[in-house]
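On a predicted model such as this, the values are computed, not experimentally measured, just so you know.
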Amino acid sequence: MGMFDGFGSVAARVRLRLVGLDVSGVAGMRLDASGHPDSRQAVLALAPGVGVGAVIDDGDQVVQVSVGMVDAWGVGFGEVVAAGTRAFSGRAVDTSQVQPGTWVLTDPEQIAVAVLDAATISGFQVSGRAVVFPVAQDLLVLVGGDDHDGLGKAVRAAMDASGSVRTPVSGRPLTVGADGHHWQAYTWGTDLGVGFSQLTRTWDARWYAAQRELLGETTAAGRYVPEVELAQGRDGSYVTYCSVPAGLEALLPRVDFVHAVDDDGTVHPHPWQQVIDVYGAALTDTGIHPSRWILPPNTLNE
C-alpha cells in the first residue's frame, strides 16, 4: 500500500522528531512562496520555540510527515504523534554523561518524547530543576538549574554546535514546569547573562534575517518589515533591537528594544516589556514564526 492509502498502513513506522518553530516557520514560508503549502511540515507546538513533528521510516527512506499527508489520512496530527510515542515506548537508547549532572541525548526519538513529556527523563540525576538546551533533532543537553558550572558548559556546547548542526531546533533553553510534564521558558540569572544572551539573541537574529529575506523589506500588503539588529552592551551581554519609522504599518519582531523613529530622525527606544504593557492592545499577532505582530502606523510615536 502507498503512503497515502491509509494511516493504518504506516502507523507502526511513525517516528517522532523535535522541531524548531522558527525553523519550520521559515521553511513553511518558502513552501508557500513556491506554491506548495500542503508540503509544510505537520507540527504540534509544545513549548516556547519547539514542537514535535514526525517522519515515516520504511527502512529505505525517511519521509517527513506533511500537512497534506495528515489531511489525506483523515486523522488528527495528535493521533500521528500518539503512534510515534507508542513506537518509541520501551526502546533502549544510549545516553552519555559528560560530567556529573550534565547529560547529552543524541537519539532523535528520545529527544522528541522528552520534550513531549518531561517525565520521561525524570530518572536523569541533575542538580535542581531540569533545564534542557534543544540544540538539534539529534542533540539535546540536559542539566540542572542549580548546577552553575553545568549550565555554563551547556551554553558553550550549544553555541559551538548551533552553527554546524544539520537540523537546528532552538537557541532558547527550557525548564521543566511545576507539573513535571510540561516545559516552559528558562530564565537565567544575571551571573550567566552574557553567555545565555549570546546564545538566544544570535539565534533570534539569524532566523529573523532568514524570515525577512522571504518577506522582503515591505510585504505585498504594504507592511514594513523591520530588520532585527544585534548589539553588545558594556557588560558584554547581547541584545536585539529594531527600528520602526513613523507613518508605517509594521510587522514587529520580538526584540529587546523597539526604536520608534520620528519623521525628523529622533529615535525613541522602547523596552519590549513596555511595548507590551503600554501598546499591547494595538498589536495583532500574525501567528507566524519567528513571531511578528502587526503594529499600526505611529503607535509608538504618539
Salt bridge present between Arg166 and Asp138 (N-O < 4.0 angstrom): no
Side-chain heavy atoms of Trp183 within contact of Val132, under 4.5 Å: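 Result yes, sub-4.5 Å side-chain heavy-atom pair found.
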Side-chain touch Leu105/Ile121, heavy atoms, less than 4.5 angstrom: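 Yes; the side chains approach each other to less than 4.5 Å.
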Pairs touching residues 167-189 that satisfy salt bridge (Lys or Arg N to Asp or Glu O under 4.0 Å), sequence neighbours left out: Arg172-Asp204
Over 12 non-hydrogen atoms of neighbours within 6.0 angstrom of NE2 in His268: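 Enclosed.
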Heavy-atom neighbours of His182 NE2 exceed 12 at 6.0 Å: no
All salt bridge (charged side-chain N to carboxylate O under 4.0 Å, His left out) counterparts of Asp146, not counting sequence neighbours: none
By salt bridge (charged side-chain N to carboxylate O under 4.0 Å, His left out) - contacts of Asp107 (at least two apart):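 Listed in chain order: Arg91.
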Cluster link Val104 to Val131, ILVMFWY, side chain under 4.5 Å: yes
Parallel, tilted or perpendicular, as decided by the 30° and 60° cut-offs, for the rings of Tyr279 and His270: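 Correct class here is perpendicular.
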Side-chain donor/acceptor of Asp262 to backbone N/O of Gly265, under 3.5 Å: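 Not a single qualifying donor-acceptor pair exists.
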Heavy-atom pair with the smallest gap, counting every atom of Gly51 and Val43: CA-CG1, 4.1 Å
Test side-chain contact (heavy atoms from CB on, under 4.5 Å) applied to Phe133 and Val143, step by step: CA-CA 9 Å; Phe133 293 75; Val143 68; 4.0 Å; yes
Worked check of side-chain hydrogen bond (donor to acceptor under 3.5 Å, both in side chains) between Gln211 and Arg292: CA-CA 10 Å; Gln211 181 193 63; Arg292 285 188 188 261; 2.5 Å; yes
Lys153 and Asp149: CA distance, side-chain angles, deciding distance, salt bridge (charged side-chain N to carboxylate O under 4.0 Å, His left out) verdict: CA-CA 6 Å; Lys153 288 184 177 177; Asp149 180 60; 3.6 Å; yes
